[in-house]
Amino acid sequence: MARKKTIRTIPQERTPVSEQDPKERVTNFEEVSHRYSQEDALLESDRCLMCPEQPCVAGCPVGINIPGFIQKINDKDYRGAYDVITATNLLPAICGRVCPQETQCEGVCTVGDTLEPVAIGRLERFVGDMAINAGWANVPYIEPVPFRIGIVGAGPAGMACAADMAKAGCEVTVYEAFHQSGGVLRYGIPEFRLPNPVIDAEMGNLEKLGVTFECNTLVGRLFSIEQMIDELGFHAVFIGTGAGYPSMLGVPGDSLNGVLSANELLTRCNLMHAREFPNYDTPMPPARRVAVVGAGNTAMDAMRVCLRLGAEEVYCVYRRSRIEAPARAEEVHHAEEEGVRFKWLTNPVEVLGDDEGGVRAMRCVRMELGEPDDSGRRRPVPVAGSEHDIEVDLVVVAIGTNANPIIGQTSKLALNKWGYIEADEHLATSMPGVFAGGDIVTGAATVIEAMGAGRKAARSMKHYLGIRDVDAPYFVDGADTLFGIDLRERNFVRVRVPA
Amino acid sequence: MADDPQSRFEIVAREDFSDATYLLEVRHPLMARAARPGQFVIVMSHEHGERIPLTIADYDREEGTITLVIQAVGKSTREMQQTCTVGTHLYGMVGPMGMPSPLGKAKKVLCVGGGLGVAPIYPQMKGFKEAGAYVIAVIGFRTKSLVFWQEKFEACCDELILCTDDGSAGVEGRVTTGMELAIAKHPDIDECVAIGPPIMMKGAAEVTRPHGIKTMVSLNPVMIDGTGMCGGCRVKVGDTVKFACVDGPDFDGHKVDFDDLMARLGRFSSQEKAAMKRWSDECRMAKPVSPAGGKE
Ligand SMILES: Cc1cc2nc3c(=O)[nH]c(=O)nc-3n(C[C@H](O)[C@H](O)[C@H](O)COP(=O)(O)OP(=O)(O)OC[C@H]3O[C@@H](n4cnc5c(N)ncnc54)[C@H](O)[C@@H]3O)c2cc1C
Ligand SMILES: Cc1cc2nc3c(=O)[nH]c(=O)nc-3n(C[C@H](O)[C@H](O)[C@H](O)COP(=O)(O)OP(=O)(O)OC[C@H]3O[C@@H](n4cnc5c(N)ncnc54)[C@H](O)[C@@H]3O)c2cc1C
Ligand code: SF4
Ligand code: FES
């Protein structure tokens, strides 16, 4: 190894990543951020100090061995870097793109105390994309165990649980209500942030592990959770159905035709390809001037989609100020660059209609920050006499979601008072053999947290089923025999054979 | 259950009731077992298609089939009329969705179906009959040539009142006329279920309101996911907002805000018209097709 690096000897500047020009990109759905070239990645990997105490690993919800994979990049052993990441995170190309690194690994990176932190997310994406292009997939030879696992919901939580159970040798079936898998990754996050081919490639890896996907299957209605255990022969079930059930504004004019949830807008645009109407049959509401209420990731995505669909004016209306905005900093920045007009400390009180049932304007009040509330944030209070109208023809509501009711309606699972599924610290529900995780347990959170929950539930499931967790299998590079014995022939301990 | 994808959602039977209404029987054994009266499915006929909600008009647990009765009103439903022939497959069909209708302990029930609501009322009527109720059915069509399933209804209910707008069959008038007749004859009706176009359900609710007869209606707002995720299907019921796909689709007809529902159904009318026009222009350019669609 090279001599010890210090904060003075590493490249001082964070290696920049090129982006599509804002003026250009608002006219298309191509990806906004380009990826690192090999030179960029090597340069950036040089900035990692390989801290012995690894704060970044503690900052990662799934504990990826971050200095480990960065070292491999630095050694130009890209395949090795991929192996290190996928030992904990199956979907690097996705997480590298959508994780809020600034509040996770990069937020606690030692380099960040003095300089800009190491661009861990961009490095992760670099490795993930390289794996997709090179067709790498770590498909282990897996000793089968006689257990069948049913997974409800093909979002990040369900996929992570499916992967771990498949690696443990179980027969895994994932049921998804939509006609395509991916959950929010598919229907919510737009293609300019997460292109569909990336999702497809990462799903393909799951299929290579032997996971079966059954789309068009609404669990709870087609069969219940109880039936999965009692009649369909599943030994354990994981529920990862996500949040859903968007909150609407609850102000007069809420049901006008120009008012819709961000989920509806995004689903129409992304999953149903309404932006290609009429080549695809699903229509999009026309929008010239749009107000998006809320300032989370969902709101940012909705605004940027509207711009790309040709809206002339897009406002972000949020009752608190910029620092309280829950969206990733990068998303707010991107939205601003693309021309979104932010109206901080503003709250809608009424949506005004036109003669045809559409929207004419949104009436708002200005807010100011008062005393701190229970959450410790200063409570926004309306400023008397500050009513004003914003002229818009579309209002998109992105102020949060509630628990999806279907599983609760159709099973005896215990729910908490908000309707989310009750799960203990092992993610076990009130029903033996049934585990749950992701947004349906915690409420809306992040991709990586949902994946972390899926993996945690998988560990509990293995424990429940009495499967010994062999997390460190043999690595047999390139070979499909071990000590001269065909790996595919014998029931070996779980052996990992790079494909 | 892990069916070969090729064999999924196969259309095993088709019947054309008129040049606008057709029936499809789709193979889905698991769904046939799970379906209950009042539930619906969401269908995609091809990969670029829309997700369109359709009521489960009947189900056969032995044969493992789901029956849909569809009115060709716009691009998607007309296209399906042409392409969905026996032996073809739907791209997707998910369900059963929605809460099953609460088939309470009513002793005498009035089941009302108008136009595209005739088929969807059938499973509820059958459900009430099986639960031991005395069932009076009122079904309405514009004219005699559009009438279907008369025998199927007769075989299952205690009394049938058939109405046509022009009087060419049964009673002359709308279903509300038939309802008045039924209520006059049976003052002890304790529940009514009405399915059809919103304007008809609104009228039906007004007929029963003065008599204090509990009236359930099945709402049909524009839907996408059908799983409670988008809120596009929200309807006003009394003072609350409900999502029809997961909280319904059946609601108390005396509380539903029908004007709101009707306004919301027009949400995409300009795009729907454009799609329809573009599609029929394309059809005209292509080889001529028989007006009744791909009849066997
Ligand atoms: C627009 C948007 C942008 C976001 N951006 C980011 C971001 O940049 N970074 C980030 O970290 N997080 C982001 N998030 C949050 C993140 O996407 C979620 O926290 C995460 O996807 C939750 O994963 P999940 O597996 O719990 O649920 P989901 O991803 O919601 O998946 C649940 C799946 O279950 C299916 N399902 C539901 N009910 C049933 C049923 N009864 N039967 C069968 N299937 C069912 C659903 O159709 C869905 O596919 C964003 C969220 C949204 C909405
Ligand atoms: C719960 C439910 C049950 C239904 N059951 C039946 C049925 O059994 N038989 C039947 O013929 N029709 C039924 N419908 C209506 C059917 O879904 C629409 O007629 C169909 O979607 C129209 O599509 P289109 O492209 O042919 O027409 P379009 O030209 O797109 O629209 C024609 C009309 O249908 C309505 N519509 C359009 N898209 C949707 C949508 N995604 N969801 C709901 N309505 C829409 C519009 O308000 C419009 O006025 C039902 C609707 C719901 C919500
Ligand atoms: S904290 Fe930063 S510098 Fe230290 S090991 Fe992690 S990425 Fe490298
Ligand atoms: S159709 Fe989306 S919530 Fe009902």
Side-chain angles (χ1 to χ4, degrees), chain A residues 173 176-180 187 212 214-218 220-224 227 232 241-248 250 254-258 260-268 271-274 276-286 353 356-358 397 401-406 409, chain B residues 1-3 8-9 28 30-31 33-36 39 42 44-52 75-76 79 90-100 224-236 241 243 246-247 257 260-264 266-268 270-272 274-275 278-279:
Chain A
T173 309
E176 167 56 47
F178 270 128
H179 52 284
Q180 284 183 344
Y187 74 70
T212 312
E214 292 273 355
C215 290
N216 290 297
T217 308
L218 183 64
R221 294 275 171 223
L222 189 59
F223 43 77
S224 63
Q227 279 175 303
L232 300 180
T241 49
Y245 214 92
S247 301
M248 297 310 291
D254 210 5
S255 69
L256 288 170
N257 280 344
L260 79 174
S261 75
N263 273 5
E264 176 174 355
L265 180 94
L266 293 169
T267 305
R268 284 183 181 275
L271 181 75
M272 303 311 295
H273 295 266
E276 292 163 62
F277 181 83
N279 274 332
Y280 282 76
D281 292 341
T282 304
M284 203 71 182
E356 285 143 32
V397 184
T401 52
N402 302 303
N404 189 300
I406 294 178
Q409 285 170 350
Chain B
M1 180 187 353
D3 275 1
R8 299 187 101 189
F9 319 128
H28 197 317
L30 214 51
M31 201 189 298
R33 249 179 63 194
R36 299 282 179 281
Q39 292 186 302
I42 285 188
M44 275 179 88
S45 61
H46 57 85
E47 213 182 329
H48 288 204
E50 248 182 313
R51 292 171 66 89
I52 60 173
K75 193 233 165 187
S76 304
E79 190 179 47
L90 295 173
Y91 172 72
M93 177 166 87
V94 54
M97 300 180 132
M99 303 277 254
I224 309 183
D225 56 307
T227 62
M229 194 273 296
C230 76
C233 64
R234 63 192 189 276
V235 290
K236 280 191 192 157
V241 173
F243 289 3
V246 286
D247 301 324
D257 183 341
D260 182 70
L261 175 69
M262 286 185 268
R264 288 186 59 76
R267 282 176 74 194
F268 296 101
S270 57
Q271 292 96 319
E272 283 155 2
R278 192 181 111 114
W279 181 74

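Letters A, B, ... are given to chains in the order of the sequence lines, protein chains preceding strands, and every chain is numbered from 1. Worth saying up front: this structure is predicted, and the values here are computed from it rather than measured.
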Checklist outcome for this item: Turns out that what part of A:S255 lies under 4.5 Å from chain B's heavy atoms comes down to both

Item to check | Structural part of A:H273 lying under 4.5 Å from a heavy atom of chain B | outcome: neither

Item to check | Top contributor to chain B contacts, counting heavy-atom pairs under 4.5 Å, from A:L218, A:L271, A:L265 | outcome: A:L218

Next on the checklist: Quick check on the interface: out of A:G242, A:A177, A:P246, A:A262, who has the most heavy-atom pairs with chain B under 4.5 Å?
Outcome noted: A:P246

Of all of [options], which one pairs up most often with chain A through heavy atoms under 4.5 Å apart?
options: B:A34, B:G49, B:G231, B:A35; value: B:G49
options: B:K75, B:R36, B:Q39; value: B:K75
options: B:D247, B:V235, B:V241, B:I42; value: B:D247

Checklist entry - Is a side-chain donor or acceptor of A:R221 paired with a backbone partner of B:P96 at a separation under 3.5 angstrom? => result no

Item to check | Test item: A:N263 side-chain N/O and B:M229 main-chain N/O as donor-acceptor pair under 3.5 Å | outcome: yes

Is there a side-chain contact between [X] and [Y] (heavy atoms, below 4.5 Å)?
X: A:S247; Y: A:N402; answer: yes
X: B:E79; Y: B:E50; answer: no
X: B:H46; Y: A:D281; answer: yes

Under 4.5 Å heavy-atom distance to chain A, tell me which part of [X] shows up: side chain, backbone, both or neither.
X: B:R33; answer: side chain
X: B:M93; answer: backbone
X: B:R234; answer: side chain
X: B:D225; answer: both

Checklist entry - Should the pair B:H28 and B:F9 be assigned to parallel (<30°), tilted (30 to 60°) or perpendicular (>60°) ring geometry? => result tilted

Checklist entry - Can the ring centroids of A:Y280 and B:H48 be said to lie less than 6.0 angstrom from one another? => result yes

Next on the checklist: Testing the basics here: between A:N216 and B:Y91, what is the closest heavy-atom pair and its distance to 0.1 Å?
Outcome noted: ND2-O, 4.2 Å

